[in-house]
Amino acid sequence: MSSFHLPSSIFHLPTYKMETIAKVTATEAALKLINHLKSQHGELMFHQSGGCCDGSSPMCFPDGELIIGDGDILLGEIGGCPFYIAAQQYKYWQHTQLIIDVASGPGGSDFSLEGPDGERFITRSRLFVNAD
């Protein structure tokens with residue numbers, strides 16, 4: 001009696017490399033400022049604000065200084081620091097990649113750590129496309 005054998009090739013399904021596009025990233029200038037602030041303040045955290053006083057600036061705090069609640073989403077990391085966004089704000093930004101950069105001059109708030117240094121973090125963005 002002969003036995004039926006399935007060809008082994010059917011068990012070798014093709015694998016596809018799936019890359020995930022980061023929802024938040026930082027420019028070299030932002031990473032340099034983050035490292036500078038880390039040397040002064042230790043570990044950091046970011047929150048993409050959407051409040052009235054600070055516009056929609058990315059805010060930088062010593063890690064743990066800002067209480068993260070159920071209404072906040074961990075979007076990713078920049079420079080090894082967690083980056084959060086308010087869920088309501090995320091509804092507007094969910095189809096974009098946030099690119100954290102640096103600009104000269106005072107920011108919209110004195111609460112963010114970089115303010116006294118004469119620089120400020122800013123958010124640039126790009127829409128995700130089907131290729132992403």
Side-chain angles (χ1 to χ4, degrees):
M1 177 181 227
S2 72
S3 63
F4 178 75
H5 295 285
L6 293 173
S8 63
S9 62
I10 69 166
F11 298 108
H12 298 286
L13 299 174
T15 57
Y16 299 97
K17 182 179 178 185
M18 295 191 62
E19 294 183 30
T20 303
I21 304 296
K23 292 218 172 237
V24 62
T25 188
T27 64
E28 287 298 318
L31 293 173
K32 182 178 175 184
L33 182 54
I34 290 168
N35 286 332
H36 170 71
L37 292 171
K38 278 183 171 181
S39 72
Q40 292 181 325
H41 303 281
E43 294 302 310
L44 306 173
M45 65 186 295
F46 285 84
H47 191 276
Q48 177 66 45
S49 69
C52 62
C53 300
D54 48 8
S56 57
S57 302
M59 305 291 286
C60 179
F61 302 98
D63 193 26
E65 184 174 294
L66 180 69
I67 304 292
I68 299 301
D70 292 340
D72 294 308
I73 297 169
L74 177 61
L75 199 59
E77 288 188 356
I78 56 171
C81 307
F83 192 100
Y84 297 90
I85 188 169
Q88 288 292 350
Q89 186 78 350
Y90 181 70
K91 287 180 183 179
Y92 298 107
W93 294 71
Q94 65 184 326
H95 303 293
T96 63
Q97 179 183 49
L98 302 186
I99 304 161
I100 307 308
D101 201 358
V102 175
S104 297
S109 173
D110 293 332
F111 297 114
S112 192
L113 288 177
E114 80 283 2
D117 291 336
E119 295 181 291
R120 59 189 159 90
F121 289 109
I122 60 171
T123 301
R124 301 183 191 284
S125 64
R126 73 171 187 88
L127 286 174
F128 287 121
V129 295
N130 289 339
D132 290 335

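Atom set for the values below is all heavy atoms of this structure, side chains included, hydrogens, waters and symmetry mates excluded.
Among the candidates L75, T25, I73, the single residue satisfying the side-chain contact (heavy atoms from CB on, under 4.5 Å) test with F83 is L75.
Formation of a donor-acceptor pair under 3.5 Å by the N35 side chain with backbone atoms of K32 is not found in this model.
Across L74 and P82, no two heavy atoms sit closer than the pair CD1-CB, 3.8 Å.
Within the model, atoms CD of E28 and CG of L33 stand 13.0 Å from one another, a figure rounded to the nearest 0.5 Å. The distance from atom CG of D101 to atom CZ of R120, rounded to the nearest 0.5 Å, is 10.5 Å. The line from CG of L44 to CD1 of I78 is 9.5 Å long, rounded to the nearest 0.5 Å. Here the straight-line distance linking atom CG of L113 with atom NE2 of H36 works out to 10.5 Å at 0.5 Å rounding. Taking NE2 of H95 as the start and NZ of K23 as the end, the distance is 8.5 Å to the nearest 0.5 Å.
Side-chain contact between I100 and T123 is present, with heavy atoms from C-beta onward closer than 4.5 Å. Taking the side chain as every heavy atom from C-beta outward, F121 and V102 approach each other to under 4.5 Å. Counting heavy atoms from C-beta on, the side chains of K38 and E43 come closer than 4.5 Å. Inter-residue side-chain proximity for M45 and C81 is flagged as unmet; no heavy-atom pair is nearer than 4.5 Å.
Note on L66 and M59: same hydrophobic cluster, where clusters join Ile, Leu, Val, Met, Phe, Trp and Tyr whose side-chain heavy atoms are under 4.5 Å apart, directly or indirectly. Placement of Y90 and F46 within a single hydrophobic cluster is found when ILVMFWY residues are connected by side-chain heavy-atom separations under 4.5 Å, directly or transitively.
Remark: Y84 engages no residue in a ring pair (Phe, Tyr, Trp, His ring centres under 6.0 Å) (not counting sequence neighbours). Not counting sequence neighbours, the partners of S125 by the side-chain contact (heavy atoms from CB on, under 4.5 Å) test are W93, T96, L98.
Pairs engaging residues 59-70 under the side chain to side chain donor-acceptor pair (under 3.5 Å) rule: none recorded [sequence neighbours left out].
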